[in-house]
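Below: the structure, in structure tokens.
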Protein chains: 2
Amino acid sequence: MMELTRKGEYAIRGIVYLAKQSPGKVILVSEVAEATGVPQTFLAKIFQSFAKLGLVNSFRGTGGGFLLGRPAAKITLRQVVEAVEGPIIPNRCLSDEGNCGRTSECTVHPVWRRIQEEIAAILDGVTLEDLAKGKKSL
Amino acid sequence: MMELTRKGEYAIRGIVYLAKQSPGKVILVSEVAEATGVPQTFLAKIFQSFAKLGLVNSFRGTGGGFLLGRPAAKITLRQVVEAVEGPIIPNRCLSDEGNCGRTSECTVHPVWRRIQEEIAAILDGVTLEDLAKGKKSL
DNA sequence: GGTAAAAAAGACAAAAACGGTCTTAAAGGG
DNA sequence: CCCTTTAAGACCGTTTTTGTCTTTTTTACC
């Protein structure tokens with residue numbers, strides 16, 4: 001349970017690859033795809049969602065490609081994961097305003113809330129810089 | 001992302017309902033299903049997996065039904081969730097023996113490990129007794 | 001301006017997972 | 001033997017995942 005999808009995995013691999021490049025260097029999707037072992041067209045889609053959120057910048061045409069939208073130290077793993085997987089919601093109760101339907105009876109609610117917060121906190125605490133440099137955080 | 005499935009939700013609702021009964025009382029699946037708003041045949045399946053793991057005991061025939069396999073205080077939320085959803089694996093890296101394929105490069109690995117441990121710890125810390133009594137733990 | 005190179009956008013599709021249902025069997029009580 | 005209830009497993013429609021393919025747009029360069 002609670003498994004990251006391939007998309008999430010690919011997203012991380014791809015953007016970490018970008019984070020490893022010298023700042024300002026523009027990289028082709030094809031290069032990232034090959035280097036990370038991710039299907040190119042799929043990765044392209046992922047990078048498009050990154051671009052919409054400003055996590056990466058993109059340039060079209062000859063000499064085009066992608067680079068990080070801001071310094072690697074300013075991009076958290078949470079932002080990356082949520083960009084492609086959506087918000088961290090371990091249970092439906094937590095999606096809207098505690099809309100369990102069975103709110104009063106839902107004693108599990110606070111447990112999911114806590115899990116949600118813990119995961120968020122951990123992912124917030126890791127930046128692309130950490131990942132690119134292989135920092136031993138834990 | 002990281003969402004509990006319906007099966008997981010139903011499983012919790014169902015077994016918590018059992019935990020609320022007076023110990024030793026045998027309850028029909030049909031009653032639990034109606035009380036918790038879970039499709040009966042689906043819930044029956046879920047209870048079957050519980051039975052295999054000893055989380056509940058079952059009796060067939062007239063007067064049959066289900067009851068907890070041990071005291072509610074001895075059943076953790078983790079056991080319930082893992083019974084129906086499988087082990088807590090936020091990332092494929094963590095499933096086998098760190099079988100990332102790309103092990104050395106996988107700097108995210110420790111992050112998922114930590115998330116896995118945090119979730120496990122939280123779920124381990126909640127028993128069916130807590131849930132049945134609506135204990136405010138967090 | 002024309003052409004080639006790239007990303008953007010969106011339609012499409014196979015495969016797997018989800019969320020069940022249905023049927024048959026087995027066991028127990030009266 | 002018959003009724004009740006769980007056990008087991010086949011089955012099935014829908015949604016999500018995991019992509020691909022095609023067309024369009026933008027840009028650089030000649």
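Computed from a prediction, not measured in an experiment: that's the story for all the values here. The chains referred to below are lettered A, B, ... by the order of the sequence lines, with proteins before strands, and numbering in each begins at 1.
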Separation of C:dA9 C1' from A:Ile46 CD1 (nearest whole Å): 16 Å

A:Leu43 CG to C:dA8 P, in whole Å, measures 12 Å

Testing the basics here: between A:Asn91 and B:Glu9, what is the closest heavy-atom pair and its distance to 0.1 Å? ND2-CG, 3.6 Å

Looking at side-chain heavy atoms only, is the closest gap between B:Val29 and B:Phe47 below 4.5 Å? yes

Is A:Phe66 touching bases, backbone alone, or none of the nucleic acid, heavy atoms closer than 4.0 Å? sugar-phosphate

Think B:Ser58 has a side-chain N or O under 4.0 angstrom from the OP1 or OP2 of D:dA7? yes

note: A:Ile27, atom CD1; C:dA7, atom C1'; distance rounded to Å ~ 15 Å

Whole-Å gap separating C1' (D:dT5) and CG (B:Leu67): 14 Å

Let me know the distance between CD of A:Glu31 and P of C:dA5, rounded to the nearest Å. 17 Å

Quickly work out the A:Leu28 CG to C:dA6 P distance and round it to whole Å. 5 Å

Heavy-atom side-chain contact between B:Arg6 and A:Arg92 under 4.5 Å: yes

In whole angstroms, the gap separating C1' of D:dA10 from CD of B:Gln48 amounts to 14 Å

Atom pair CD1 (B:Ile88) and CD1 (A:Ile115), whose distance is rounded to the nearest 0.5 Å: 7.5 Å

Could you report the tightest heavy-atom contact between B:Phe66 and B:Leu18, atom names first, then the distance? O-CD2, 3.9 Å

A:Leu131 vs A:Leu77 side-chain heavy atoms within contact, under 4.5 Å: yes

What string of B, S and - do you get for nucleotides 18-30 of chain C, 5' to 3', if B is base contact, S is sugar-phosphate-only contact and - is no contact with any protein heavy atom under 4.0 Å? SSSB----BBBS-

Spacing of B:Glu3 atom CD relative to C:dA17 atom C1', expressed in whole Å: 14 Å

